[in-house]
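Beneath this line is the structure, given in structure tokens, with notes to follow.
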Amino acid sequence: MPELPEVETIRCDLYPRVCGRAITAVRITPDAVPLVDGASPAEFQRRLKGRRIEGLSRRGKYLILHLSGGLHLSGGLHLIVHLRMTGALLHRDAAAPADRYVRAVLSLDDGTELRYADLRKLGRLRLVAHPDEAVGRLGPEPLDARFTAARLRQAIGRRRAPIKAVLLDQRALAGLGNIYADEALFAARIHPQRRADTLSEAENRRLHRSIRRVLRDALDNRGASFRDYVDGGGREGRHQFHVKVFRRTGQPCYVCGAEIERTKVGGRSTHFCPRCQPQEVANGPT
DNA sequence: CTTATTCCCTGATTGC
DNA sequence: TGCAATCAGGGAATAA
């Protein structure tokens, strides 16, 4: 499940390989129709062919390919890719062995290709004139220098939902998914069910630091491959070996030895340490 | 504005 | 051992 660290790893892999390349051909398999948002596959192909990839950026969990106008193509265009659960964007030689579940292929002018693979077909490919059409409503980037503890407090606002639900809300904060929401709350020693608007100033600061630390560490490990995630070269990440609570139900907490528990918050499976992340706020000043 | 629920999709896992 | 039901979860859509 690609979240911010996974998508950023893919972006770093692909950036030097695809920037400057022109798209010479586009192929979309018939079963990929629902993946192509807002345009027919034929229209999608026609609008992409001949464009040059001028840049590759990331916003939250979205990858953005910045495309040029070709010789007789006018106006900027952006290909927005969201991998959702099982999407992958693979850069391969055109002659490389087939990958499973490939739904779309962009052939490039150096004999390589970008393959979009997606087992469950939950991902989305979308062409827009301005990236904000797709990512304009996203909250702040947690690894941006401008993301301070005050900005986190602002993102939480007066929301009364469980803090984990707010962390998963991309309009509050961009890029966290189920893995890193659980990991950040554990690192901050905050129960996932805590009502978001009741966090103390100290808890808010801990959560801010924890979110950034957890995402940084995951990025250093090239993302977490629990099931389907692979990077831009088809390789797995290593961060699944470093998580503290995610999918560790029944195993001992590395900090206190208590059994990691699993519940549901906002319809998502949620993992936490009942001793390190107590439901009740401790009495007294901290 | 808020929060909760359903749906999409298919391979892996669980239950009987 | 087999087969059906359930689970996984990001985000859009919908309901309240």
Side-chain angles (χ1 to χ4, degrees), chain A residues 1-10 28-39 58-64 80-89 99-104 116-126 128 131-139 141-142 154-185 192-198 215 218 223-230 236-237 239-240 243 245-250 260 262-272:
Chain A
M1 51 212 85
E3 306 179 24
L4 189 155
E6 289 77 24
V7 178
E8 180 63 16
T9 299
I10 293 171
I28 296 173
T29 62
D31 62 349
V33 174
L35 302 184
V36 181
D37 227 25
R58 179 193 57 77
R59 181 76 172 88
K61 302 174 196 172
Y62 292 83
L63 276 170
I64 306 171
I80 310 288
V81 180
H82 198 298
L83 304 170
R84 296 272 185 103
M85 294 295 295
T86 57
L89 205 52
D99 292 288
R100 299 181 81 185
Y101 312 115
V102 171
R103 316 292 182 185
Y116 179 77
D118 192 350
L119 184 157
R120 284 163 67 182
K121 295 186 279 192
L122 293 170
R124 289 294 178 267
L125 306 175
R126 187 176 166 198
V128 295
D132 273 358
E133 291 175 50
V135 301
R137 293 172 169 275
L138 293 179
E141 280 292 324
Q154 199 176 16
I156 293 170
R158 296 166 190 271
R159 295 183 58 166
R160 301 162 65 90
I163 183 62
K164 171 159 175 184
V166 176
L167 292 183
L168 290 177
D169 184 345
Q170 304 298 298
R171 291 164 307 186
L173 193 60
L176 287 194
N178 215 29
I179 300 171
Y180 300 113
D182 281 2
E183 293 297 310
L185 287 167
Q193 284 280 16
R194 266 291 289 289
R195 222 177 79 173
D197 63 354
T198 67
L215 292 176
S225 296
F226 279 96
R227 183 169 272 185
D228 301 284
Y229 165 71
V230 289
E236 296 191 344
H239 197 67
Q240 65 277 18
V243 294
V245 288
F246 187 76
R247 295 207 187 163
R248 293 197 63 247
T249 314
I260 301 302
R262 183 177 136 164
T263 58
K264 283 238 189 250
V265 178
R268 299 290 180 248
S269 69
T270 295
H271 314 76
F272 68 101

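Side chains included, hydrogens not; waters and symmetry mates left out as well; all remaining heavy atoms used. All chains are named by letter (A, B, ...) in the order of the sequence lines, taking the proteins before the strands, and each is independently numbered beginning at 1.
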Original post:
Using a cut-off of less than 4.0 Å, is there contact between a side-chain N or O of A/K61 and OP1 or OP2 of C/dG11?
Top reply: yes

**OP:** Please determine if a side-chain N or O atom of A/H82 lies less than 4.0 Å away from the OP1 or OP2 oxygen of C/dG11.
**Re:** yes

Does [X] reach the side chain of [Y], with side-chain heavy atoms less than 4.5 Å apart?
{"X": "A/R58", "Y": "A/E141", "value": "yes"}
{"X": "A/E6", "Y": "A/Y180", "value": "yes"}
{"X": "A/D118", "Y": "A/M85", "value": "no"}

Any protein N or O atoms within reach of nucleotides 12-16 of chain C? Criterion: under 3.5 Å, listing atom names and distances.
| residue | atom | partner | partner atom | Å |
| --- | --- | --- | --- | --- |
| C/dA12 | OP1 | A/Y62 | OH | 3.1 |

For [Y], does its backbone N or O pair with a side-chain atom of [X] as donor and acceptor, under 3.5 Å?
{"X": "A/Q170", "Y": "A/L176", "answer": "yes"}
{"X": "A/R248", "Y": "A/I260", "answer": "no"}
{"X": "A/T86", "Y": "A/R84", "answer": "no"}
{"X": "A/S225", "Y": "A/G237", "answer": "yes"}

[X] versus [Y], closest heavy-atom pair with distance:
{"X": "A/G139", "Y": "A/A174", "result": "O-CB, 3.5 Å"}
{"X": "A/S269", "Y": "A/H271", "result": "OG-CE1, 3.7 Å"}
{"X": "A/P131", "Y": "A/I64", "result": "CB-CD1, 4.2 Å"}

Separation of [N] [atom2] from [X] [atom1] (nearest whole Å):
{"X": "A/M1", "N": "C/dC7", "atom1": "CE", "atom2": "C1'", "value": "12 Å"}
{"X": "A/M85", "N": "B/dC7", "atom1": "CE", "atom2": "C1'", "value": "14 Å"}
{"X": "A/L167", "N": "C/dG10", "atom1": "CG", "atom2": "C1'", "value": "15 Å"}
{"X": "A/H271", "N": "C/dC7", "atom1": "NE2", "atom2": "P", "value": "14 Å"}
{"X": "A/I179", "N": "C/dG10", "atom1": "CD1", "atom2": "C1'", "value": "12 Å"}
{"X": "A/L35", "N": "C/dG11", "atom1": "CG", "atom2": "P", "value": "15 Å"}
{"X": "A/I80", "N": "C/dG11", "atom1": "CD1", "atom2": "P", "value": "14 Å"}

Subject >> Residue pairs passing the salt bridge (Lys or Arg N to Asp or Glu O under 4.0 Å) test where at least one lies in residues 154-163 of chain A, sequence neighbours excluded >> reply: A/R159-A/D169

**OP:** Look at all strands and tell whether A/S269 reaches a base, only sugar-phosphate, or nothing, counting heavy atoms closer than 4.0 Å.
**Re:** sugar-phosphate

Original post:
Base, sugar-phosphate alone, or nothing: which one does A/F246 contact when heavy atoms must sit under 4.0 Å apart?
Top reply: sugar-phosphate

**OP:** Could you go through the salt bridge (charged side-chain N to carboxylate O under 4.0 Å, His left out) check for A/K61 and A/E3 one step at a time?
**Re:** CA-CA 6 Å; A/K61 302 174 196 172; A/E3 306 179 24; 5.6 Å; no

Subject >> Contacts of type ring-ring contact (aromatic ring centres under 6.0 Å, His included), residue A/Y229, not counting sequence neighbours >> reply: none

Original post:
How bent is the helix from B/dT2-C/dA16 to B/dC16-C/dG2, comparing axes over its five end pairs at each side, to the nearest 10°?
Top reply: 70°

Review item, nucleotides 1-4 of chain B N/O atoms under 3.5 Å of protein N/O:
| residue | atom | partner | partner atom | Å |
| --- | --- | --- | --- | --- |
| B/dT3 | OP1 | A/R160 | N | 2.9 |
| B/dT3 | OP1 | A/A161 | N | 2.9 |
| B/dT3 | OP2 | A/R159 | NE | 2.9 |
| B/dT3 | OP2 | A/R159 | NH2 | 2.9 |

Give me the distances for all protein-to-nucleotides 9-11 of chain B N/O pairs that come in under 3.5 Å?
| residue | atom | partner | partner atom | Å |
| --- | --- | --- | --- | --- |
| B/dC9 | O4' | A/R120 | O | 3.2 |
| B/dC9 | O2 | A/R120 | NE | 3.0 |
| B/dC9 | O2 | A/R120 | NH2 | 3.3 |
| B/dT10 | OP1 | A/K121 | NZ | 2.9 |

Subject >> A/L35, A/V36, A/L125 screened by side chain to side chain contact (heavy atoms under 4.5 Å, CB included) with A/R103, the one that passes >> reply: A/L35

